[in-house]
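Scroll down for the structure; my scribbles are underneath it.
As a basis for the values below, the full set of heavy atoms in this structure was taken, side chains included, without hydrogen atoms, waters or symmetry mates. Convention: sequence-line order gives letters A, B, ...; per-chain numbering from 1. Please read all numbers here as calculations on a predicted model, not as lab measurements.
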Amino acid sequence: MNANSKIKVENLNFFYGPKKALNNVSIIIPDKKVTALIGPSGCGKSTFLRTLNRMNDLITSTNIDGKVLIDDVNIYEKNIDIVELRKKVGMIFQKSNPFPKSIYENVAFGPKINGLKEKNILDEIVEISLKKSALWDEVKDDLNKSGLSLSGGQQQRLCIARALAVDPEIILMDEPASALDPISTTKIEDLIFELKNNYTIIIVTHNMQQAARVSDNTAFFYMGDLIEYTSTQKMFTNPELQQTEDYIRGRFG
Amino acid sequence: MNNKYLGKSIVIFSFVATIMIVVSIVYMVSEMYLNGKDYLTWEFLTEAPTKGMTAGGIFPAIVGTVLLVILMSIACVPLGTITAIYLNEYSNKKSIITKMIRFAVNTLAGIPSIVFGLFGLGFFIQFVGSGMDNVFSEPGQIQWGQPNILWASMTMAFLTIPIVIVSVEETLKSVPDELRAGSLALGATKWQTIKKIVIPNSISGILTGAILAIGRGAGEVAPILFTGAAYFLPYTPTQLTDQFMNLGYHIYVMATQSTDVEATKGIQYATAFILLACTFFLSFIAIIIRYRFRKKINI
């Protein structure tokens with residue numbers, strides 16, 4: 001945990017209407033590492049993930065206080081450009097959600113809305129992004145086919161390519177493999193391993209083995225509290241708290 | 001009654017109800033065709049009425065109806081679509097203003113069509129039209145402040161806007177929120193998301209709205225009675241300030257105002273048949289466009 005910090009969260013509280021979903025969470029997330037968020041359903045880990053690119057803004061009657069600093073800038077300041085923030089902090093959703101467009105158009109979507117028009121640069125971005133997401137070899141001859149024609153695992157990798165195309169620094173993953181078969185899951189995990197050389201990755205997962213396999217650090221959430229946050233190795237071999245151990249061993253949750 | 005018989009009788013009832021609809025349509029169309037087929041000639045389609053409208057064709061009425069529907073669509077489809085987009089994508093669903101807009105749309109859909117006609121006369125002709133004459137026309141000259149095809153189309157557009165709004169809103173609702181979230185997460189603005197993701201996925205609903213509006217607009221007569229339909233015109237409209245003939249109104253005129261109703265009977269049947277054909281033709285164009293878009297999306 002000695003690496004440079006990328007995200008620093010200080011005393012974060014989050015409310016859905018009157019219901020408190022995050023309780024005074026403070027955490028420092030290191031640069032170019034994989035951080036896993038674990039905990040039982042409804043513990044606030046997905047809510048926490050979505051505070052990092054302000055996707056929670058889309059839900060009405062939510063409230064937030066505290067600070068989320070990315071590269072030492074509080075993203076909840078008034079003058080923050082959400083569009084810029086979301087380019088910097090990409091997101092992969094639980095259910096793969098390719099647009100009903102061609103594979104090429106899916107990946108080119110982000111660069112295009114940023115005003116990029118040159119065909120050759122777009123071609124290049126599409127190719128690089130698909131290579132980074134390990135999908136290029138499978139689709140290079142079918143770039144004009146619909147993104148929806150791909151299998152579930154391929155669709156999720158297409159979504160990763162789409163996120164990579166806007167050149168983010170942080171990638172948030174909300175249970176990216178929970179709807180996939182074991183082989184596709186392995187591919188996504190290999191990909192995460194590959195990507196952490198260049199990106200800071202935060203992944204929410206219900207799968208303990210997955211957290212243990214892919215992450216460097218793990219944070220355990222319970223009922224809106226951050227209970228324990230330490231290196232994955234320590235977390236899964238010798239956690240500090242009994243509660244953490246009980247959850248990891250599958251005694252509750 | 002036990003459940004078995006109840007289940008069976010519901011099947012029978014629903015089947016009979018379906019058959020009745022089919023039968024009445026077949027009956028109506030064949031009645032129109034059989035009684036009017038002697039009049040369905042090329043001349044009938046391409047010539048103006050003659051001999052006090054007891055002979056000749058209905059060409060001006062066909063052109064008038066088609067122009068009316070086209071002008072109406074140009075007004076009501078974009079306006080209805082934008083309203084639906086506002087209601088579904090931007091408005092705060094719980095706010096009083098949104099509820100008022102919804103109430104207004106529902107009320108608009110329930111207003112009798114003759115009231116729209118009177119509204120068009122009062123608002124478009126006497127208020128907007130006269131106002132335009134005061135500004136643009138020579139003193140004493142009436143150019144806009146009288147019934148014409150523009151005001152008739154606008155009045156008809158008001159009548160059909162609720163249809164478009166409801167139809168477009170339904171498709172907007174059917175666009176999954178995951179797609180919106182995916183677009184926003186890539187740094188797209190709300191408008192970019194609507195333009196690039198939501199609308200392209202709603203084209204077929206927008207065109208369905210257009211088809212329904214066309215069907216309604218081509219058949220309605222009451223809204224254009226006072227706002228632009230002419231009893232008899234030997235020529236077709238060439239500018240927005242012209243009056244026009246209309247198929248529906250033509251049938252009404254021949255059935256009630258003609259000097260020789262008996263002589264016009266066949267013409268009435270044939271005109272009704274042509275009105276149906278025109279509506280079908282206009283809808284068919286929209287259906288073709290919708291089919292093209294659907295194909296394009298599901299490559």
Side-chain angles (χ1 to χ4, degrees), chain A residues 49-50 52-61 81-115 142-149 155 158-159 161-168 171-174, chain B residues 85-102 168-208 289-299:
Chain A
L49 191 76
R50 286 199 301 267
L52 301 179
N53 69 343
R54 296 189 60 172
M55 283 307 269
N56 282 327
D57 289 14
L58 304 178
I59 308 165
T60 46
S61 71
D81 182 354
I82 296 191
V83 167
E84 283 304 318
L85 169 71
R86 292 192 182 136
K87 279 178 206 157
K88 189 169 168 175
V89 187
M91 187 164 202
I92 311 299
F93 296 82
Q94 179 173 5
K95 210 176 134 217
S96 61
N97 55 351
F99 302 131
K101 298 171 183 281
S102 69
I103 293 169
Y104 182 95
E105 288 298 328
N106 261 284
V107 183
F109 183 86
K112 271 190 177 175
I113 56 168
N114 293 338
D142 306 315
L143 290 179
N144 290 320
K145 265 199 182 168
S146 168
L148 297 171
S149 67
Q155 287 192 11
L158 176 63
C159 292
R162 188 174 74 183
L164 295 177
V166 292
D167 203 17
I171 302 172
L172 310 175
M173 297 187 171
D174 192 354
Chain B
I85 287 174
Y86 172 76
L87 284 174
N88 197 59
E89 305 292 322
Y90 285 107
S91 73
N92 177 354
K93 304 226 155 55
K94 285 172 191 150
S95 84
I96 293 179
I97 294 175
T98 311
K99 283 181 181 159
M100 276 167 59
I101 297 172
R102 260 178 219 289
V168 175
E169 236 200 313
E170 284 308 312
T171 22
L172 292 179
K173 277 186 204 152
S174 71
V175 175
D177 276 337
E178 288 95 47
L179 292 184
R180 293 187 182 85
S183 168
L184 293 168
L186 288 168
T189 62
K190 190 148 191 177
W191 170 237
Q192 284 172 328
T193 301
I194 290 170
K195 195 171 67 175
K196 305 267 182 182
I197 301 295
V198 178
I199 294 180
N201 280 290
S202 311
I203 289 286
S204 84
I206 294 168
L207 289 166
T208 304
I289 299 173
R290 184 172 66 178
Y291 176 74
R292 286 250 165 126
F293 271 107
R294 278 194 185 149
K295 242 175 123 178
K296 209 173 140 195
I297 284 170
N298 306 316
I299 354 160

request  = Determine which residues belonging to residues 173-180 of chain B lie within contact range of chain A, meaning some heavy atom pair is under 4.5 Å apart, and list them by number or answer 'none'.
outcome  = B/Glu178, B/Leu179
key: Side-chain heavy-atom pair B/Leu87, B/Leu172 within 4.5 angstrom cut-off   = no
CD1-CG distance between B/Ile206 and B/Asn201, expressed to the nearest 0.5 angstrom = 10.5 Å
message = Just by distance, no angles: are the side chains of A/Asn56 and A/Arg50 close enough, under 3.5 Å, to form a donor-acceptor pair?
response = yes
query = With only heavy atoms counted, which part of A/Pro168 is less than 4.5 Å from chain B, the side chain, the backbone, both or neither?
reply = neither
Sub-4.5 Å side-chain heavy-atom contact between A/Met173 and A/Leu49 = no
message = Side chains of B/Thr171 and B/Ser202 only: does a donor on one sit below 3.5 Å from an acceptor on the other?
response = no
request  = Evaluate whether atom NZ of A/Lys95 has more than 12 neighbouring non-hydrogen atoms of other residues, nucleotides or ligands under 6.0 angstrom away.
outcome  = no
request  = Go through A/Leu164 and A/Val107 one step at a time and tell me if the side-chain contact (heavy atoms from CB on, under 4.5 Å) criterion holds.
outcome  = CA-CA 8 Å; A/Leu164 295 177; A/Val107 183; over 6 Å; no
task = Start with the C-alpha distance between A/Cys159 and A/Phe93, add both sets of side-chain angles, then the distance that settles side-chain contact (heavy atoms from CB on, under 4.5 Å), and finish with yes or no.
result = CA-CA 8 Å; A/Cys159 292; A/Phe93 296 82; over 6 Å; no
request  = Could you tell me which portion of B/Lys195 (side chain, backbone, both or neither) has an atom closer than 4.5 angstrom to a non-hydrogen atom of chain A?
outcome  = neither
remark   = Separation between CG (A/Asp142) and NZ (A/Lys145), nearest 0.5 Å, reads 4.5 Å
ask   = From B/Leu184 CG over to B/Lys190 NZ, what is the distance, rounded to the nearest 0.5 angstrom?
value = 7.5 Å
request  = Would you mind checking which part of A/Ile113 comes under 4.5 Å of any heavy atom in chain B, side chain (CB onward), backbone (N, CA, C, O), both or neither?
outcome  = both
inquiry  = Quick check for you: to the nearest 0.5 Å, what is the distance between A/Ser102 atom OG and A/Leu148 atom CG?
reply    = 11.0 Å
ask   = How about A/Arg86 and A/Met55: do any of their side-chain heavy atoms sit closer than 4.5 Å?
value = yes
task = Could you look at A/Phe99 and say if it's the side chain, the backbone, both or neither that has a heavy atom under 4.5 Å from chain B?
result = both
request  = Would you please go through residues 89-98 of chain B and name the residues with a non-hydrogen atom below 4.5 Å from one of chain A, in numerical order?
outcome  = none
Chain B contact via A/Arg162 - side chain, backbone, both or neither, heavy atoms under 4.5 Å = both
